[in-house]
Protein chains: 4
Amino acid sequence: LPSDERPDVHGSGASHTRAPVDVGLLSPVTVGFDEPVTDAAFLAALVTAEVALTRAWADAGAGEAKDEISARFGWAGAGQPCRTLSVEADALAEGSVAAGNPVIPLIAAMKAALDPSLRDAIHRGATSQDILDSAMMLLSRRAAARVVDHLTQAEGALAAFASAHRDQAAAARTLTQHAVPTTVGLRAANWLLGVRRARTRLEAVSADLPAQLGGAAGTLAALDRLALRDLGTEAAGVAEGLPAAFAAELGLAPPAAPWHTTRWPVTELGDALVQAIDAVGVLAADVATLSRTEIGELAEGAGGGSSAMPQKRNPTASVLIRSAAIRAPHLGATLHTASALAVDERPDGPWHAEWPTLRELLRLALGATGNASGLVDGLTVDDAAVARNLALTGGLIVSERLSIELAPRIGKERLDEILAAALEGEDLRTLVDAALRQAGDEGGAGDLLDPAAYTGLAATLVDRAVEGRP
Amino acid sequence: LPSDERPDVHGSGASHTRAPVDVGLLSPVTVGFDEPVTDAAFLAALVTAEVALTRAWADAGAGEAKDEISARFGWAGAGQPCRTLSVEADALAEGSVAAGNPVIPLIAAMKAALDPSLRDAIHRGATSQDILDSAMMLLSRRAAARVVDHLTQAEGALAAFASAHRDQAAAARTLTQHAVPTTVGLRAANWLLGVRRARTRLEAVSADLPAQLGGAAGTLAALDRLALRDLGTEAAGVAEGLPAAFAAELGLAPPAAPWHTTRWPVTELGDALVQAIDAVGVLAADVATLSRTEIGELAEGAGGGSSAMPQKRNPTASVLIRSAAIRAPHLGATLHTASALAVDERPDGPWHAEWPTLRELLRLALGATGNASGLVDGLTVDDAAVARNLALTGGLIVSERLSIELAPRIGKERLDEILAAALEGEDLRTLVDAALRQAGDEGGAGDLLDPAAYTGLAATLVDRAVEGRP
Amino acid sequence: LPSDERPDVHGSGASHTRAPVDVGLLSPVTVGFDEPVTDAAFLAALVTAEVALTRAWADAGAGEAKDEISARFGWAGAGQPCRTLSVEADALAEGSVAAGNPVIPLIAAMKAALDPSLRDAIHRGATSQDILDSAMMLLSRRAAARVVDHLTQAEGALAAFASAHRDQAAAARTLTQHAVPTTVGLRAANWLLGVRRARTRLEAVSADLPAQLGGAAGTLAALDRLALRDLGTEAAGVAEGLPAAFAAELGLAPPAAPWHTTRWPVTELGDALVQAIDAVGVLAADVATLSRTEIGELAEGAGGGSSAMPQKRNPTASVLIRSAAIRAPHLGATLHTASALAVDERPDGPWHAEWPTLRELLRLALGATGNASGLVDGLTVDDAAVARNLALTGGLIVSERLSIELAPRIGKERLDEILAAALEGEDLRTLVDAALRQAGDEGGAGDLLDPAAYTGLAATLVDRAVEGRP
Amino acid sequence: LPSDERPDVHGSGASHTRAPVDVGLLSPVTVGFDEPVTDAAFLAALVTAEVALTRAWADAGAGEAKDEISARFGWAGAGQPCRTLSVEADALAEGSVAAGNPVIPLIAAMKAALDPSLRDAIHRGATSQDILDSAMMLLSRRAAARVVDHLTQAEGALAAFASAHRDQAAAARTLTQHAVPTTVGLRAANWLLGVRRARTRLEAVSADLPAQLGGAAGTLAALDRLALRDLGTEAAGVAEGLPAAFAAELGLAPPAAPWHTTRWPVTELGDALVQAIDAVGVLAADVATLSRTEIGELAEGAGGGSSAMPQKRNPTASVLIRSAAIRAPHLGATLHTASALAVDERPDGPWHAEWPTLRELLRLALGATGNASGLVDGLTVDDAAVARNLALTGGLIVSERLSIELAPRIGKERLDEILAAALEGEDLRTLVDAALRQAGDEGGAGDLLDPAAYTGLAATLVDRAVEGRP
């Protein structure tokens with residue numbers, strides 16, 4: 001490559017001049033929620049994985065360096081990222097080009113930060129993938145916990161919203177058209193069910209995220225030999241226990257086996273993240289639609305205004321969430337493509353494709369769910385608009401009920417005539433009253449034409465959703 | 001549309017002249033496995049859903065027509081498809097254009113097949129989506145069970161294969177290069193773990209697949225009013241129980257609520273199917289690679305030959321499985337895109353996008369796993385090729401072990417010299433022996449240079465995988 | 001594989017009992033438009049490719065069998081599919097499993113239909129991929145031409161629609177909110193521009209679709225040797241000319257070289273098809289939105305009704321087109337995934353993944369554009385709704401103009417007060433008139449508050465789009 | 001949102017403490033090539049678009065502020081990014097959350113950097129989307145030019161490589177198996193054709209990338225009114241000319257019309273970028289495969305070594321390129337999904353989904369093609385390995401030729417016997433000689449068994465590719 005193309009990479013001290021690629025300028029949906037998944041956070045996870053490995057060895061009896069190394073890098077406890085990295089993300093990024101991954105330069109950088117006597121303890125028996133995958137799982141576990149928090153907050157707000165609007169009749173729309181009545185609360189209860197399911201799934205997946213420790217090709221051969229060499233033959237079972245000890249230091253699940261090319265931990269997580277974004281995407285799609293100028297039933301609390309067009313009240317959070325919901329499925333699919341193409345004991349490309357993809361998916365999930373939580377907190381209902389829309393079809397929104405309850409009283413043909421006349425603009429109540437009289441039916445229309453009296457089990461469904469009953 | 005464009009749709013009796021779009025000509029990976037997901041099978045599921053609804057009403061007390069209708073359409077028991085459809089898929093397909101879905105013409109066709117007195121029992125209180133979604137879940141449950149069978153068969157064969165080759169040392173490859181030794185058995189054990197995880201997940205998802213029953217907008221209002229009208233006011237709780245009764249008739253899980261726009265049942269299934277295809281995709285990628293002329297460690301039992309090129313032994317099943325693995329992630333993503341865009345009480349496009357996508361994904365899963373099961377059954381190992389490849393680096397495949405165990409004895413610099421010389425073609429054993437002598441070390445090389453002695457915990461990992469231990 | 005799993009494949013005569021996988025039941029968007037891409041059509045293309053090859057050889061001097069073979073299979077002229085196939089798609093599908101593609105059994109079937117003396121002329125020097133790729137291109141060229149027709153019809157209808165509504169002011173919406181006025185015509189003109197660009201691109205790509213002819217590994221070695229053997233050494237240049245001759249018989253572009261693993265002909269076509277579907281997808285998204293009960297500005301001519309809910313006028317064609325637009329990008333991406341993974345001289349899976357994917361994408365393009373053409377033909381505008389919506393913000397839809405033209409006359413602060421008051425419901429015209437008077441400005445409001453007077457260059461843009469001017 | 005969640009966004013001066021999300025740590029394939037698409041570069045493009053707008057107005061006669069503003073922000077000439085931004089990307093990112101896009105805070109920041117008398121000239125008549133889309137096109141045009149450079153360099157290197165190895169026979173592989181001979185040069189020529197096609201397409205698309213200028217809803221109404229207000233009624237045509245003038249300042253194509261919801265400029269670019277990545281992906285797939293330890297025909301110049309495993313020579317650049325090729329199709333599809341869902345005059349999510357996606361796709365294209373250019377420069381052929389592999393099937397690699405040329409001389413049955421015996425390990429030449437003698441054929445085997453004599457038109461195809469002949 002010509003030197004003017006990659007000056008920063010090969011230059012000695014020029015690395016600090018590289019501008020960061022992404023500070024969030026093109027990603028408003030995630031700004032403010034990115035912190036758990038920055039390169040800095042990933043770097044901390046990498047360092048933490050290396051330190052955790054020295055600690056796992058210490059548990060097995062080869063731990064003279066444990067305390068010094070832990071102290072040097074700011075070990076902060078199981079599942080917590082280290083605090084004193086002594087390594088620069090920029091430099092590692094540059095070093096990763098020749099090596100193909102950032103762990104190779106990381107090892108050198110960490111060793112350089114240590115007294116020579118401690119250096120052999122670093123990366124002992126591990127392969128790059130052990131550290132990178134474990135770091136990714138640590139990052140993921142922490143980010144997913146944040147996403148779960150966002151979803152839990154949204155669930156609370158949705159339950160309150162659904163309860164508050166449990167009995168507020170509103171037009172239900174299918175294929176864009178008013179169909180029958182529903183309630184504002186039931187719509188929110190359905191959002192709640194989708195969010196809760198996604199949160200439950202993400203919690204389950206997060207609890208399963210395993211550490212990775214298998215050595216160069218997943219046989220743990222180097223770990224085994226190092227244990228035998230340094231701890232003696234009585235250490236025969238030591239290597240077998242190291243993955244679980246390593247996982248415990250990282251607050252991750254112990255791996256059933258090395259999963260260098262068995263990538264369900266990545267795809268199951270990816271799927272759960274996409275599902276979470278889907279769930280808030282549905283909410284956002286409904287809020288955006290119901291915020292339309294002509295509909296106006298819902299409004300975001302902090303709707304984006306426009307100085308030149310003060311009549312606008314942009315559903316900004318919904319728009320941003322939707323942008324994430326459009327992108328996320330493609331990111332999840334990328335993880336599956338990579339997973340399905342894993343070959344050999346470490347694949348020639350698919351593994352590398354996972355890294356930025358999973359990070360971006362975590363980031364989108366953080367942003368989409370974080371925005372959703374805020375959105376629901378501030379969501380307001382325009383009762384007048386709800387009522388106005390419900391009346392928009394001149395009462396025909398209960399036509400399904402009429403076919404059930406009025407047709408037997410006045411005949412199906414008569415009902416069809418009435419509905420046709422109402423469609424042309426005649427007053428439905430007048431027509432129904434006349435038809436009943438004509439049929440000699442003195443029962444009267446009662447609440448037949450009241451949309452609020454034709455919401456079926458909406459209230460029950462709201463209660464069940466709010467209470468979390470099956 | 002010009003009449004010459006769509007002659008079959010609008011013509012009176014010309015429908016039988018339409019050629020089927022797909023009989024499998026472009027889909028060899030699924031030929032022979034398609035049956036559970038043909039349009040005919042889906043049609044049967046649609047009819048079954050309608051009949052099941054009449055049966056659920058019967059359980060609730062409104063079932064005078066139950067037996068006659070069940071008999072008319074060949075009801076075959078809970079979870080089984082009806083056997084006497086009396087409806088043509090072709091005609092329904094044509095009728096679905098104006099209606100937007102095939103349920104509308106289905107209702108007419110089923111009613112036409114019944115005595116007028118029975119017709120009102122059909123589609124009672126339901127909406128098209130209730131029937132279509134429930135039919136899709138019924139189809140899915142049956143197809144998924146078949147996929148689970150395929151995976152279970154593959155697991156059995158993989159366990160046997162892994163056990164049989166538990167201790168057969170082979171070259172492990174990372175980033176295409178020989179790294180350290182592994183075993184033929186461990187590679188298969190890793191396939192097994194991926195397949196088992198996918199099967200377990202698919203079983204869990206399948207058990208959760210719910211029926212759909214919510215009426216026009218998910219409030220169950222029509223169901224409720226019909227119950228009150230026909231069963232009297234004491235039927236107040238009837239509608240609430242109908243979804244579970246309907247689900248029981250279909251052998252599906254009772255829905256927590258209508259899920260018209262809460263589409264996790266579709267996406268969780270889709271994700272599990274993609275995961276299953278990923279898992280066999282990895283196996284296929286490895287078999288295809290290890291079948292390469294230059295590698296030749298594995299061969300499919302029924303490798304595709306070529307009359308003009310008899311030296312070829314194409315890994316045909318692997319190739320076909322890989323074609324599915326390349327496609328599946330994109331299909332799974334389509335389901336998520338549709339899910340995230342669900343809006344209103346029935347969305348204007350996303351729902352319709354699911355139908356052919358989920359069917360194709362089920363089909364691919366059937367084909368990919370069915371082929372995988374057969375592939376593993378016939379898989380053969382060329383022991384000579386395995387041994388030849390293992391020796392290909394002149395012993396350097398154990399260089400990692402040498403750095404652990406030989407370096408302390410002869411010094412790291414000396415080892416580096418040896419490795420460099422071996423890389424240039426000198427005999428590694430001679431070099432090692434000389435270095436030990438030179439260092440005054442009389443311990444001898446022992447099994448240091450034996451790849452089979454450097455497979456770490458491979459055997460243990462095989463045993464654990466085969467036994468299903470964590 | 002167990003025999004009960006794949007009975008139809010291995011059975012002797014049972015093949016005719018296999019139900020077709022897909023007759024369109026799950027694909028209403030394509031019903032009536034599928035014909036150019038059915039398995040039957042693909043089978044005809046395969047046969048045509050084989051016959052064309054015999055004709056290309058004949059042009060080169062090795063054509064004694066040409067007329068008989070052409071007659072036997074119903075050769076119908078360059079670029080036309082053969083009419084007398086003598087082969088069953090079902091049987092080929094079954095035969096493709098062991099072979100990995102349908103061409104192997106095709107060759108046998110075609111030979112079996114010929115006098116033994118003619119059989120050697122079939123598949124002379126070709127490889128399966130030559131025939132399958134060429135057949136796919138032939139199918140694609142014909143299907144793409146139909147798509148181009150659909151788009152051209154839609155362009156005509158859109159031009160007429162845009163002209164008819166050139167000056168009809170309507171609310172423009174950004175981020176769901178009324179922003180400023182636009183015109184009904186300009187919205188249609190924008191659809192037109194998208195459709196025209198897509199049509200132009202698809203025409204360009206279609207004209208480039210090449211035949212494939214390279215022999216087993218793209219060297220044309222067999223073709224060359226056969227020519228030398230049978231035509232003598234003076235035939236030295238024959239093989240080089242065969243691909244172009246073959247392409248001419250098929251009405252395809254001559255290939256620059258065999259493109260067995262250089263798959264731009266597939267991905268450029270795929271991209272153009274997705275672009276076409278995008279273009280009508282935008283139109284459908286707008287029609288669906290503007291058909292909403294609360295908006296009601298547009299209606300499809302043949303809106304789907306509902307007997308139980310007569311107030312509904314479902315934008316069915318738009319919904320179906322949207323279902324295609326949601327799916328298409330994922331299909332296009334599948335083609336790119338396959339393209340990027342092509343390896344060796346014929347890849348181990350990616351090529352096979354293309355076949356059903358490209359067919360489904362062609363099918364979706366046929367259906368989406370076919371429905372779009374019909375949709376535009378029948379599209380109606382509800383003038384009253386357009387006007388009602390335009391007035392919905394009480395005149396504030398021209399607030400941007402006021403900030404430009406009124407602010408200089410009354411001051412920006414005064415304008416802000418007016419707009420705030422109008423937002424609260426006060427009459428904008430009264431406020432503006434008062435402010436002008438107060439400012440001593442006697443110019444009057446003129447057309448300042450008339451939305452129709454603030455449509456900028458909409459009319460010009462419509463004219464340019466309709467006339468196709470840049 | 002809880003304050004501890006988004007401390008940086010709402011804090012007054014804390015913004016500088018936010019860590020960048022991405023400095024390349026997870027993206028080794030792009031490190032060193034990212035510069036044209038960093039957030040800093042995008043910020044420069046945004047500022048440039050705003051300055052270009054003031055310059056376009058100046059051309060139209062409203063340009064008193066032009067020079068001062070150009071100077072203030074470091075205007076650098078048409079198509080060049082401004083050099084003195086006076087705005088922080090971080091701060092804009094934070095400001096974009098409430099506004100939904102970074103242009104709103106950009107305008108404020110740019111105005112704040114100017115004398116109050118000049119402020120009105122900023123963003124005059126434009127909408128956020130005008131600036132953001134134009135900036136994205138400016139960024140794209142510059143980045144695409146760099147990609148074109150990379151591809152052009154790769155073409156040069158590939159042409160040299162193909163010529164150098166024009167006549168070097170090598171095994172061709174189909175479905176992983178040796179099929180017939182090809183040449184090292186032809187394989188490279190095919191890579192060249194794919195790269196050249198992609199480069200040609202990208203150049204064509206780049207030349208078409210339009211500026212965006214339409215005002216709030218694409219009618220140019222504000223631009224028109226401002227022109228009339230400030231330049232007088234003789235300025236009637238001014239607004240119509242502004243988009244082309246604006247485009248000229250930015251070095252972009254003049255737009256046929258505002259394309260706020262007609263997104264082919266984005267998807268055509270995306271498709272071309274994916275095609276470019278596909279093309280180098282194929283090259284990388286082949287290099288990775290041919291670098292396998294068992295194959296060893298090719299090696300990257302700077303293959304990644306491993307200190308512990310010196311026998312490894314990782315094809316690192318190929319691996320990294322493949323990681324991009326796996327991801328890119330999904331990014332391209334995201335752009336299509338967004339395009340197809342564009343609705344209204346500015347859509348509620350799809351537009352926002354484009355930004356990070358297109359940037360990441362440009363970035364991947366820069367990195368993948370940049371790495372490819374370097375890879376080809378350093379690519380080496382191991383002649384011995386090529387020859388060894390070619391001989392691996394004991395001569396059967398020319399079996400196709402034997403069926404053409406030997407079968408007529410000794411009979412097809414005899415040939416089949418020979419091939420079967422050779423498959424079992426007998427010497428092919430001996431067998432052939434014996435068969436010829438037995439058949440009384442004294443012509444001898446000649447070069448029948450020489451793979452190098454059965455490469456067909458490989459040399460011609462190389463020449464045509466290298467010379468760029470069709």
Side-chain angles (χ1 to χ4, degrees), chain A residues 171 173-180 287-297 303-316 318-319 326 329-330 333-334 337 340-341 349 385 388-389 392-404 407 412 415-416 418-420 422-423, chain C residues 171 173-180 287-297 303-316 318-319 326 329-330 333-334 337 340-341 349 385 388-389 392-404 407 412 415-416 418-420 422-423:
Chain A
R173 298 164 185 89
T174 60
L175 308 178
T176 75
Q177 304 293 298
H178 284 197
V180 294
V287 172
T289 298
L290 297 171
S291 299
R292 285 188 163 276
T293 302
E294 287 86 356
I295 301 180
E297 300 188 5
S306 163
S307 60
M309 297 179 284
Q311 79 279 10
K312 295 197 71 181
R313 195 164 174 191
N314 294 330
T316 308
S318 296
V319 167
I326 287 167
H330 299 276
T334 308
T337 300
L341 295 172
R388 182 181 68 236
N389 290 338
L392 211 57
T393 55
L396 283 169
I397 201 160
V398 298
S399 56
E400 184 189 63
R401 182 176 179 192
L402 300 185
S403 72
I404 294 171
K412 183 171 185 335
L415 175 59
D416 287 347
I418 287 175
L419 296 176
L423 260 182
Chain C
R173 299 165 185 89
T174 60
L175 309 179
T176 76
Q177 304 294 298
H178 283 198
V180 293
V287 172
T289 297
L290 298 171
S291 299
R292 285 187 164 277
T293 302
E294 286 86 356
I295 302 180
E297 299 188 6
S306 164
S307 62
M309 297 180 284
Q311 79 280 9
K312 296 196 70 180
R313 196 165 174 191
N314 294 330
T316 307
S318 296
V319 167
I326 287 166
H330 299 276
T334 308
T337 301
L341 295 171
R388 183 181 67 236
N389 291 337
L392 211 56
T393 55
L396 283 169
I397 200 159
V398 298
S399 55
E400 184 189 62
R401 182 176 179 192
L402 300 185
S403 72
I404 295 171
K412 183 170 183 339
L415 175 60
D416 287 346
I418 287 175
L419 295 176
L423 259 182

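In the text below, chain A, chain B and the rest are named by the order of the sequence lines, each starting its count at 1.
Taking the salt bridge (Lys or Arg N to Asp or Glu O under 4.0 Å) definition, one finds that C:E294 meets it with A:R173, sequence neighbours left out.
Between C:D416 atom CG and C:K412 atom NZ the span is 3.5 Å, to the nearest 0.5 Å. Taking CD of C:Q311 as the reference point, atom OG of A:S399 lies at 4.0 Å (rounded to 0.5 Å). How far OG1 of C:T293 is from CD of A:Q177: 4.0 Å, rounded to the nearest 0.5 Å.
Residue A:S291 touches chain C through both its backbone and its side chain, counting heavy-atom pairs closer than 4.5 Å. Heavy-atom distances place the side chain of A:T337, and not its backbone, under 4.5 Å from chain C. In this structure, chain C has a heavy atom under 4.5 Å from the side chain of A:L341, while its backbone stays farther away.
Ranked by heavy-atom pairs shorter than 4.5 Å toward chain C, the options A:A288, A:A333, A:A171, A:S403 are led by A:A288.
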